[in-house]
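Data block below; observations after.
We name chains A, B, ... by the order of the sequence lines, and we start the count at 1 in each one. The figures that follow rest on heavy atoms only: side chains count, while hydrogens, waters and symmetry mates do not.
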Amino acid sequence: MTILLHDTLTGADQPLEPLEPGHVRVYSCGPTVYGPAHIGNFRSFLFADLLVRHLRRSGLRVTWVMNITDIDDKIIKGAKAAGTSIEELSERWLEVFLADADRLRMARPDVLPRATAHIDEIVALITTLLEGDHAYRTDDGSIFFRIASWPMYGRLARLDPGEMRVGERVIADEYAKDDVRDFALWKGPKDGEPAWDTAIGSGRPGWHIECSAMSMKHLGPSFDIHTGGIDLIFPHHEDEIAQSEAATGQPFVRTWLHCAHLQSSGSKMAKSVGNIARVGDLLDAGVSPRALRYALIAVHYRAPNQYSDEALLAAGAAVERLDAVVNALDAYREARADDPSLDTALAAAEHGFSSCLDADLNVSAALAVVFDLVRDLNRRIDGRTMSTADAERALALLRSFDEVLGVLPADQDELDDDQRRLLDERAAARASRDWAASDRLRDELASRGITVEDTRDGQRWRRQLEAAHG
RNA sequence: GGCGACGUGGUGAAGUGGUUCAACACGGAGGUCUGCAAAACCUCUAUUCACCGGUUCGAAUCCGGUCGUCGCCUCCA
């Protein structure tokens, strides 16, 4: 089926038609590594992750690029404050970002290009813009993009350049720009700031130009999908379009995808609002990374996602429901003929799940399909109507869904020797109907993070939903 | 001031003209099963979709208005 995606530029759902059939090129605006990303940032990264995972599960090859901004005002300021070098600071926070991303099970992008490693490409791009008279130099060695040279400016954000209030709240003559709306491609050298000596002079790259340079370097002058948070539409992505298309004369991006904000206590999660939560802090406090991931991806990407402790608890409960059915299917043994009605149910669920995600990544509806299937499977488990092979096929489908969702426990999860011994002892105690010992051992295992349940298939165990166990 | 998104139950949240359209998850109340639990299952938990008009045989879904919320216009995922 056709995959439809809601393009910010046209405001319409567009069928995904990769420039190279079967191969989708995706660029996502990544983090500025000057401190720990908050979970609002991760909502947008995980939305891209969900997209990439769904495309791959749909049989498409995906090249996913996510930039790392490792030079900018905040990093310079942060390094100064911390008394370390810019390289040390950005390296440190890049590691934290990757660790957080791993813990939230974000697929690792195929390329994680860094701005400081692409100075040549940035300089080349700016040179082209200068030659085309789309850019100009100022006395301090800075180079600006000339918005007046690009009539399409404002299309993405639906802003009329003449009506824009840009400049009202900034010092308009700070850089002696021709027009207050013009934006910096290259920032001239300043005392105490890093600078690169290049063909266009000494200085450092502006923020917008790095994304143009790196996306086109790794994905070509035109590529399929560019993602980011809704707050990047203007000016960041607007500027990317202007400078990229002015330089290449080719359409930059086919489909622009923007996710709405993660909200907390009524407004968007942002450092300046002071309502941020961080991955590391939450996990240290015992929040399950799988529950956190679920909470961040379960709402349609274009709708604001209300984050709260309550939402996190609800997400955890939903994940546990999935854990329970996976566990039950795993333990299920029944020597009987296959139930032909199961395949019908599985096929319907597969179709429903894929269709929902095809429709502009409607993950809420896809999850509804999953939970409908879960209820059906639980009924079949209770009724012992499936064969062992049926249960295996059902489990395989749930694991297949999880290729996109990424919230199920790992497949090959094993108890350690100590836990295994306790579980075996408990089985023996139960065989001799020693309930006191059985209950004591159950408590013992619970204190080690293992929940034990008794079923017709014998003891069934699963890990409690905690950070340490994930 | 300009632009954009949106207002569905106790909470989060699907659904954008009619065939279960009020999904799904969480929470809550009962019940079944169980040595006890847990999990699971069953029943119940919005005659109603911000409000007011209109279009239509028919609207949560389309149109107009009102009120309200959020976002962008400035670094920002």
From the candidates B/A37, B/A25, B/A23, the one with an atom nearest any side-chain atom of A/Asp454 is B/A37

Nearest-angstrom distance, C1' atom, B/C24 to B/G65:
34 Å

**Message:** Taking only the P atom of each, what is the distance from B/A59 to B/C52 in whole angstrom?
**Reply:** 15 Å

Picking from B/A77, B/A14, B/G2, the nucleotide nearest the side-chain atoms of A/Leu159 would be B/G2

Fill in: B/U55 to B/U43 separation - P atoms, rounded to the nearest Å
42 Å

Exactly one candidate in A/Lys190, A/Lys80, A/Lys187 meets salt bridge (charged side-chain N to carboxylate O under 4.0 Å, His left out) with A/Asp73; the answer is A/Lys187

query: Would you call A/Asp330 and A/Arg462 a salt bridge, taking side-chain N to carboxylate O under 4.0 Å as the test?
result: no

For this session: Classify the side chain of A/Arg430 and the base of B/G35 as holding, or not holding, a donor-acceptor pair under 3.5 Å.
Result: yes

> Can you tell me how far C1' in B/G9 sits from the matching atom in B/G1, rounded to whole Å?
Replying inline: 38 Å

Exercise for the section: Verify, without hydrogens or angle tests, whether A/Ser28 (side chain) and A/Thr227 (backbone) share a donor-acceptor contact under 3.5 angstrom. Expected result: no

Contacts satisfying ring-ring contact (aromatic ring centres under 6.0 Å, His included) that involve residues 352-385 of chain A (not counting sequence neighbours) are A/Phe353-A/Phe401

Looking only at B/A38, B/C75, B/A14, the nucleotide nearest the A/Ala365 side chain is B/A14

Quick note, A/His261 side chain, CB onward, closest among B/C24, B/A77, B/G35 is B/A77

Regarding B/C36, can its base be found pairing with the side chain of A/Arg442 as donor and acceptor, where the two atoms are less than 3.5 Å apart? yes

Dot-bracket assigned to RNA chain B with the 3.5 Å Watson-Crick/G-U criterion, [ ] for crossing and | for other-strand pairs, is ((((((((.[[[..)..(.....]]]((((((.......))))))....[[[[[..)....]]]]])))))))....

Might you list the N or O atoms of the protein lying below 3.5 Å from N or O atoms in nucleotides 8-13 of chain B, with each pair's distance?
residue : atom : partner  : partner atom : Å
B/A13   : OP1  : A/Pro304 : O            : 3.4

